[in-house]
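Naming: A, B, ... by sequence-line order, numbering from 1 per chain. Quick caveat: nothing in here was measured; it's all calculated off a predicted structure.
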Amino acid sequence: MGKNLYITTAIPYVNGKPHIGNALDYLLADIWARYQRMNGKTVRFQVGTDEHGNKIAQKALDAGMDPKAYTDSMYGNFEELMKKVNATYTDFVRTTDPHHIGAVQYIWQQLQPYIYKGTYEGWYCQGCESFVTDKEATANNGVCADHQTPYERLGEDNYYLRISDFTEQIREAIEKNRMRIVPEYRKREFLELIKDGLQDVSISRPRKHLSWGVSVPGDPDQVMYVWLDALSNYLTVLGYPDKSDWRDFWPAEVQVIGKDILRFHAGIWPAMLLGLGIDLPRTLLVHGHVNVSGSKMSKSVGNVIDPNEVIDNYGADAFRYYFARHIPTQDDGDFTWEKFENAYNNELGNDLGNVVQRVASMITRYQSGVIGEMVAGEHDMQPYRLAMDELAFDRALNEAWVTVRSLNKYIEDVKPWEIAKRRETETDAEEHLADVLSHSVGTIMQISDLLSPFMPDTSEKINKLFGSGIVQSAGVLFPKIYLHTPDPRTPRVAK
RNA sequence: CGCGGGGUGGAGCAGCCCGGUUAGCUCGUGUGGCUCAUAACCACAAGGUCGUAGGUUCAAAUCCUACCCCCGCAACCA
């Protein structure tokens with residue numbers, strides 16, 4: 001493996017507020033990026049926003065704004081979330097960037113041999129100015145729910161991309177893991193999906209039906225449809241095609257996506273790349289969705305969790321911890337405030353925070369804060385590394401916690417406070433105590449390393465606390481917070 | 001017979017592929033210990049027909065068959 005690595009995240013559509021799924025994307029990519037940098041790699045880490053399409057145009061109209069002005073006002077929400085999550089991205093792309101637009105038009109021209117003109121036919125609502133799927137039309141009995149008008153059967157000219165040409169190549173790349181789909185069951189799911197071949201996709205719309213988008217080169221009446229525009233970002237953000245250093249980072253090592261968009265990234269996207277004669281990404285990491293108390297998050301149910309609320313109340317590291325460990329990297333996970341707060345108070349506070357505190361306190365009390373010769377931690381790193389390499393971040397954090405627990409147990413076993421008492425009478429007790437405490441610090445420093453991709457702020461705090469050889473003021477790492485669960489420190493009044 | 005995932009002590013999961021020690025872990029509950037620490041930490045305990053019914057086997061949570069239940073997906077949906 002070379003020194004340069006590239007990781008990407010899906011670019012969200014900016015017509016709404018950022019949600020937890022976006023935050024999850026940024027978090028997973030960031031954990032990986034930090035881990036690889038720790039291993040000495042140079043990592044480029046892309047993020048961005050998808051800003052074209054009818055929905056945007058409509059929202060802009062509603063707000064009495066020009067579409068670009070509207071997206072200008074919106075994309076910052078996403079940038080703010082990335083920063084809040086503490087994502088160390090290196091490249092930010094907006095699909096309205098002039099370079100991106102030019103590059104997408106170039107890509108279109110390169111794909112010309114695989115593009116043909118066809119007619120798209122479907123149910124169309126004049127009021128919505130858009131087509132609906134057959135399924136939706138059937139569900140509404142052929143009448144648009146918003147406008148109470150019947151759908152019309154309409155045909156329109158579209159350009160199509162002949163991705164069916166690439167079915168075999170893509171299937172083989174996936175089967176032979178040249179383009180790995182993680183986890184394995186997603187790979188099987190997708191292969192099953194394409195067993196009858198990929199179906200060509202429409203990649204443009206008549207301008208009258210899609211006003212806000214990238215113009216099709218050489219055909220002023222047609223505007224590019226979102227997928228070609230949006231998927232291209234992974235390349236254009238690197239400077240493709242004009243800045244040659246894109247080659248230093250492509251193919252992407254990992255592309256982080258949600259399960260809902262796998263088919264586009266495993267079907268259309270590789271077809272585009274093959275059409276351009278560019279290597280396929282090495283890995284698609286497909287994460288699941290975050291449920292709330294076992295149900296899907298949805299606006300109509302009103303159970304949507306705002307990532308900002310978590311971060312503002314508990315801090316970025318607590319957010320990162322919960323969503324990295326308790327939402328399985330490769331599967332759906334569950335969030336409730338109670339689960340979150342239990343994890344925060346018990347695991348971060350009682351396990352990690354407390355062990356750091358007790359060691360710091362003993363060194364301050366017994367040795368005036370002098371740590372003495374630091375011994376490197378001896379915990380076996382292999383299971384952790386294996387989990388990281390397999391992109392199972394939740395398992396890696398479990399491994400880190402094994403170490404935290406074992407340190408608590410170790411302290412309990414050797415009882416440094418008793419050794420401290422024996423210093424009056426036993427000559428070698430002083431040395432023994434110093435060994436025990438410096439060994440404990442060594443283990444904590446190792447834990448800090450393991451945690452640094454996940455909880456960078458915490459890791460840094462620990463390093464500051466012990467790194468100089470003298471224990472610095474011992475601030476509490478994770479003070480107890482009881483916003484959503486009862487506070488055990490206030491005993492309940494007996495009825 | 002559309003495809004896939006799953007049903008293991010109160011909750012969440014591991015184990016199943018390659019059958020075999022007292023079915024493991026985290027949380028919760030109870031009891032005890034300890035006092036360095038954030039009412040923390042440590043130990044022990046209670047609690048399970050491993051979805052149901054059959055089958056294979058000396059032996060099945062683990063393999064086979066049928067059935068029941070839950071959850072995703074089902075193609076232009078960011």
Nucleotides 1-12 of chain B: which of its N/O atoms have a protein N/O under 3.5 Å away?
{"residue": "B:G5", "atom": "OP1", "partner": "A:R188", "partner atom": "NH1", "Å": "3.0"}

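- For the salt bridge (charged side-chain N to carboxylate O under 4.0 Å, His left out) test, residues two or more places apart in sequence or in another chain that qualify with A:R422 are A:E426.
- No engagement by A:N233 is indicated, since no non-hydrogen atom pair under 4.0 Å with the nucleic acid exists.
- What separates NE2 of A:H326 from P of B:C25 is a distance of 18 Å, to the nearest Å.
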What are the atom names and distances for every N/O pair under 3.5 Å that joins the protein to nucleotides 26-34 of chain B?
{"residue": "B:U26", "atom": "O3'", "partner": "A:R405", "partner atom": "NH2", "Å": "2.8"}
{"residue": "B:C27", "atom": "OP1", "partner": "A:R405", "partner atom": "NH2", "Å": "3.4"}
{"residue": "B:G33", "atom": "N2", "partner": "A:E412", "partner atom": "OE2", "Å": "3.3"}

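- For A:K117, the salt bridge (charged side-chain N to carboxylate O under 4.0 Å, His left out) partners at least two apart in sequence or on another chain are A:D219.
- With sequence neighbours excluded, no residue forms a side-chain hydrogen bond (donor to acceptor under 3.5 Å, both in side chains) with A:E184.
- The salt bridge (charged side-chain N to carboxylate O under 4.0 Å, His left out) contacts involving residues 343-370 of chain A comprise A:R325-A:E347, A:D351-A:R405, A:R358-A:E412, where partners must be two or more places apart or lie in separate chains.
- One atom, CG of A:D332, and another, P of B:C73, lie 9 Å apart when rounded to the nearest Å.
- Separation of the P atoms belonging to B:G9 and B:C18 is 26 Å when rounded to the nearest angstrom.
- Applying the side-chain hydrogen bond (donor to acceptor under 3.5 Å, both in side chains) rule to A:N463 yields the partners A:S448; only residues at least two apart in sequence or on another chain are considered.
- Across all strands, A:L193 comes closer than 4.0 Å to base atoms (heavy-atom distances).
- As rounded to whole Å, 13 Å separates atom P of B:U38 from atom OH of A:Y482.
- When the salt bridge (charged side-chain N to carboxylate O under 4.0 Å, His left out) test is applied to A:K415, no partner is found at least two apart in sequence or on another chain.
- A gap of 9 Å separates the C1' atoms of B:G10 and B:G47, to the nearest Å.
- One P atom belongs to B:A61, the other to B:U52, and the distance between them is 11 Å to the nearest Å.
- Within the 4.0 Å cut-off from OP1 or OP2 of B:A75, not a single side-chain nitrogen or oxygen of A:Q199 is found.
- Helical stems in RNA chain B, defined as runs of 3 or more consecutive Watson-Crick or G-U wobble pairs with both donor-acceptor distances under 3.5 Å, are listed by first residue as B:2-7 with B:68-73, B:10-13 with B:24-27, B:29-33 with B:41-45, B:51-55 with B:63-67.
- Taking the P atoms as reference points, B:G15 lies 10 Å from B:G6, given to the whole Å.
- Among the protein residues, A:F264 comes within range of the nucleic acid bases, having at least one heavy atom under 4.0 Å from a base atom.
- Distance, A:D487 CG to B:A39 C1': 9 Å, rounded to whole Å.
- At a threshold of 4.0 angstrom between heavy atoms, the contacts of A:R365 are confined to the sugar-phosphate backbone, with no base atom among them.
- Remark: C1' of B:C13 and CZ of A:R395 are 14 Å apart, rounded to the nearest angstrom.
- A:I203 comes within 4.0 angstrom of no nucleic acid atom, judged by non-hydrogen atoms across all strands.
- The closest side-chain donor-acceptor pair between A:T95 and A:D229, if any, does not fall under 3.5 angstrom.
- The same atom, C1', is picked in B:U35 and in B:A43; the two are 15 Å apart, to the nearest Å.
- If you take atom C1' in B:C16 and the same atom in B:U8, they sit 11 Å apart, rounded to whole Å.
- Here A:E390 pairs with A:R395 in a salt bridge; the nearest charged N to carboxylate O distance falls below 4.0 Å.
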Which donor-acceptor pairs under 3.5 Å do the side chains of residues 476-484 of chain A make with protein atoms, sequence neighbours left out?
{"residue": "A:K480", "atom": "NZ", "partner": "A:N350", "partner atom": "OD1", "Å": "2.8"}
{"residue": "A:H484", "atom": "ND1", "partner": "A:Y314", "partner atom": "OH", "Å": "3.3"}

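- When the side-chain hydrogen bond (donor to acceptor under 3.5 Å, both in side chains) test is applied to A:D30, the partners found at least two apart in sequence or on another chain are A:R34, A:T88, A:R320.
- Qualifying side-chain hydrogen bond (donor to acceptor under 3.5 Å, both in side chains) partners for A:D25, counting only residues two or more places apart in sequence or in other chains: A:H287.
- As rounded to whole Å, 12 Å separates atom C1' of B:C17 from atom CD of A:E184.
- In this structure, A:K480 reaches the bases: a heavy-atom distance under 4.0 Å links it to at least one base atom across the strands shown.
- B:C27 and B:G20 have their C1' atoms separated by 31 Å, with the value rounded to a whole Å.
- The separation between A:N350 atom CG and B:U35 atom P is 20 Å, rounded to whole Å.
- Looking at A:T8 and A:Q255, their side chains do bring a donor and an acceptor atom within 3.5 Å of each other.
- In this structure, A:R207 and A:S215 have side chains that are in contact, with non-hydrogen atoms separated by less than 4.5 Å.
- A distance of about 14 Å separates the P atoms of B:U62 and B:G55, rounded to the whole Å.
- In this structure, the CG atom of A:D413 is 8 Å from the P atom of B:A43, given to the nearest Å.
- Among the protein residues, A:G48 comes within range of no part of the nucleic acid, since none of its heavy atoms lies under 4.0 Å from any strand.
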